[in-house]
Amino acid sequence: MSPSLPDIRATLQGAYDLAPSMAAAEATRDLHARMARVVPLADWARHAPYVLAINRLKQQRGAVVLAHNYMTPEIYHGIADVVGDSLQLAIAATRVEAPVIVQCGVHFMAETSKILNPGKTVLMPDMGAGCSLAEAITAEGIAEMRARHPGVPVVSYVNTTAAVKAASDVCCTSSNAVQIVRALPGDTVIMTPDKHLAQNVARLVPEKRIIWWDGACIVHERFTAQDLREFRAFQPDTTIIAHPECPADVVAEADFTGSTAGIIDFVARQRPAKALLVTECSMASNIADAHPDVEFVGPCNMCPYMKMITLEKVLWSLHSMTTPVEVAPEVIAPARAAVERMITLSSARSAA
Ligand code: 13P
Ligand code: SF4
């Protein structure tokens with residue numbers, strides 16, 4: 001049985017100096033400078049002792065931290081070795097030399113790192129950090145789709161369990177879904193589990209018939225086209241940037257749609273005076289200091305799963321080494337084939 005949070009806290013406090021400290025905040029001023037616009041110094045004084053302890057422990061354990069763009073700023077800027085969208089993190093996982101990976105993201109991301117590095121320890125700071133999309137489909141669901149549509153290739157979003165990846169022909173992420181669907185043979189493609197991503201891809205690839213599964217991201221499906229129209233009427237000088245997990249009518253209201261890395265690139269290139277990021281809240285926080293000239297406005301939604309990853313849980317996972325992700329050996333090879341096919345098709349696109 002895993003220890004309770006009070007027990008974990010007591011163990012960590014016995015082993016490290018974790019009290020809020022202005023001295024620790026001063027010692028990590030360079031890190032705080034990357035998020036000073038969104039994290040006040042008094043808050044940083046709470047985070048800095050954890051950041052110092054984690055960064056020391058990373059060295060002792062030979063660990064790298066792979067962090068998704070939806071992590072909070074103190075994780076994203078304070079302890080991550082690599083940050084990125086799902087595709088960038090999967091590619092980074094193929095290049096890791098360290099024996100230990102700490103996945104700051106959700107469970108399917110840690111599974112992807114494990115699939116690509118079966119011999120390494122992949123630590124998941126909170127095993128409960130799931131994803132509404134990954135929960136929406138099982139390998140039996142894929143079999144059912146194949147039975148209903150024989151011979152049609154199955155593309156599964158990386159936001160799926162290892163077993164679903166293993167049952168699929170190829171994976172995709174929000175940054176390469178269009179290219180992957182175009183690259184597949186035949187005029188029909190099954191896309192699982194995100195119906196919104198599938199509908200957004202279908203609009204961009206009209207030459208293919210796309211059959212989708214009925215899954216959705218609970219964070220992105222809460223945005224409505226009406227919200228965006230009202231916002232634009234009220235603040236017409238705002239550039240609206242949406243993630244493709246949003247419903248198609250929301251995407252239609254946006255000035256740009258892209259993966260989380262695509263959104264970061266777009267803001268860096270376009271430098272809009274005012275930007276509304278129609279996605280998870282930490283996105284704007286993580287890039288606010290890099291773009292002091294951009295005002296980030298408007299509603300955002302929190303992912304309750306991503307927010308389960310905290311500095312305290314990262315420290316515990318590295319301290320105890322008791323939270324490794326495991327993937328059944330018979331699942332690893334076929335799941336890896338689906339992920340590697342995706343990476344190969346994506347690299348072919350980048351090299352072109
Ligand atoms: P990307 O970072 O690949 O755009 O994915 C967003 C997401 O919701 C991951 O869970
Ligand atoms: Fe899953 Fe949506 Fe959270 Fe991403 S933002 S982890 S897709 S629930």
Side-chain angles (χ1 to χ4, degrees), residues 66-72 75-76 80 82-93 103-113 124-137 155-161 164-165 171-180 191-198 200-201 212-223 241-247 250-251 254 256-267 277-287 299-309 325 339 342-343 345-346 349-350:
L66 306 185
H68 186 261
N69 291 328
Y70 291 161
M71 289 294 100
T72 50
I75 290 176
Y76 188 88
V82 178
V83 293
D85 69 2
S86 310
L87 180 62
Q88 289 170 327
L89 294 182
I91 292 172
Q103 197 81 34
C104 288
V106 291
H107 192 268
F108 75 79
M109 294 177 176
E111 275 194 338
T112 304
S113 291
M124 183 64 208
D126 189 326
M127 290 291 177
C131 168
S132 65
L133 283 168
E135 284 154 23
I137 188 157
V155 185
S156 285
Y157 201 24
V158 282
N159 300 38
T160 46
T161 61
V164 167
K165 289 180 176 74
C171 289
C172 75
T173 71
S174 56
S175 73
N176 60 21
V178 167
Q179 284 72 27
I180 303 282
M191 283 190 81
T192 75
D194 188 350
K195 66 179 171 196
H196 298 305
L197 179 69
N200 287 319
V201 169
W212 53 77
W213 188 259
D214 190 24
C217 162
I218 52 165
V219 174
H220 291 95
E221 77 167 355
R222 273 164 50 208
F223 295 106
I241 305 167
H243 193 277
E245 288 169 12
C246 293
V250 169
V251 164
F256 175 78
T257 302
S259 76
T260 56
I263 291 173
I264 293 172
D265 282 353
F266 179 85
V267 172
L277 307 192
V278 188
T279 186
E280 215 276 344
C281 297
S282 288
M283 277 288 297
S285 308
N286 286 335
I287 60 174
C300 60
N301 291 331
M302 290 267 202
C303 174
Y305 305 109
M306 292 279 183
K307 270 29 219 199
M308 290 168 89
I309 307 305
V325 164
V339 174
M342 167 188 80
I343 293 175
L345 288 172
S346 303
R349 169 190 49 137
S350 335

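Along the sequence shown, residues are numbered consecutively beginning with 1. For ligands, and for the atoms within them, numbers begin at 1 and follow the listed sequence.
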Check your understanding: Touching ligand 1 at all, N159? Heavy atoms, strictly under 4.0 Å?
Key -> yes
Study note, to complete from the structure: In terms of heavy-atom contacts, H243 and T257 come closest through C-CG2, 4.0 Å
**Study point:** Numbered atoms of ligand 1 (with element) below 4.0 Å of H68, judged on heavy atoms
**Key:** 1 (P), 2 (O), 5 (O), 6 (C), 9 (C)
Practice item. Using atom types as modelled and distance alone, determine if a side-chain donor or acceptor of S282 lies under 3.5 Å from a backbone N or O of S285. Key: no
Point to revise | Heavy-atom nearest neighbour in the protein, as seen from atom 3 (Fe) of ligand 2, with distance rounded to 0.1 Å | key: C303 SG, 2.4 Å
Practice item. Check E280 against ligand 1 and report side chain, backbone, both or neither, counting heavy atoms closer than 4.0 Å. Key: neither
Revision key, fill the gap. Of T260, T279, N159, L133, the one whose closest heavy atom lies nearest atom 4 (Fe) of ligand 2 is N159
**Study point:** Member of V164, D214, I137 meeting the side-chain contact (heavy atoms from CB on, under 4.5 Å) criterion with P193
**Key:** I137
Review point. Do T173 and ligand 1 have an N or O pair less than 3.5 Å apart?
Key: no
Review point. Looking only at heavy atoms, is any part of V158 under 4.0 Å from ligand 1, and if so is it the side chain, the backbone, or both, or is it neither?
Key: neither
Review point. For ligand 1, which atoms, with element, lie under 4.0 Å from some heavy atom of E245?
Key: 6 (C), 7 (C), 8 (O)
Check your understanding: What atoms of ligand 1 come within less than 4.0 Å of a heavy atom belonging to M306?
Key -> 10 (O)
Revision key, fill the gap. Of all protein heavy atoms, the one nearest atom 2 (Fe) of ligand 2 is C217 SG, 2.3 Å
Check your understanding: Counting distance only, does the side-chain N/O of E135 pair as donor-acceptor with the main-chain N or O of S132 below 3.5 Å?
Key -> no
Review point. Atom 5 (O) of ligand 1: which protein heavy atom is closest, and how many Å away?
Key: S86 OG, 3.4 Å
Review point. Does K165 use its side chain to pair, donor to acceptor, with the backbone of T160 at less than 3.5 Å?
Key: yes
Practice item. Heavy atoms only: give me the nearest N176-M342 pair and the separation to one decimal. Key: ND2-CG, 3.4 Å
Practice item. Of all the heavy-atom pairs spanning C246 and F223, show the shortest one and how long it is. Key: SG-CD1, 4.1 Å
Review point. Taking all atoms of both residues into account, what is the closest heavy-atom pair of L197 and A177, and its distance?
Key: CD2-CB, 4.3 Å
Point to revise | Donor-acceptor contact below 3.5 Å, side chain D85 vs main chain G262 | key: no
Review point. Which bit of E280 is near ligand 2, meaning a heavy atom under 4.0 Å away: side chain, backbone, both or neither?
Key: neither
Study note, to complete from the structure: atom 6 (C) of ligand 1: of M109, H243, H220, the nearest heavy atom sits on H243
Practice item. Would you check the N or O atoms of S174, main chain and side chain alike, for any that come under 3.5 Å of an N or O of ligand 1? Key: yes
Review point. Which atoms of ligand 1 are found less than 4.0 Å from any heavy atom of S259?
Key: 4 (O)
Study note, to complete from the structure: All heavy atoms of Y76 vs all of M71, minimum pair found to be CB-O, 4.2 Å
Check your understanding: In terms of atom number and element, which parts of ligand 2 are under 4.0 angstrom from non-hydrogen atoms of Y70?
Key -> 5 (S)
Review point. What atoms of ligand 2 come within less than 4.0 Å of a heavy atom belonging to E245?
Key: 2 (Fe), 7 (S)
Check your understanding: Taking all atoms of both residues into account, what is the closest heavy-atom pair of V219 and N301, and its distance?
Key -> O-ND2, 2.9 Å
Check your understanding: Is there a nitrogen or oxygen of D85 sitting under 3.5 Å from a nitrogen or oxygen of ligand 1?
Key -> no
Study note, to complete from the structure: for atom 1 (Fe) of ligand 2, nearest protein heavy atom and its distance come out as C131 SG, 2.4 Å
Review point. Does ligand 1 have an atom that lies less than 4.0 angstrom from a heavy atom of C131?
Key: no
Review point. Could you state the interatomic distance from CE (M109) to OH (Y70), rounded to the nearest 0.5 Å?
Key: 8.5 Å
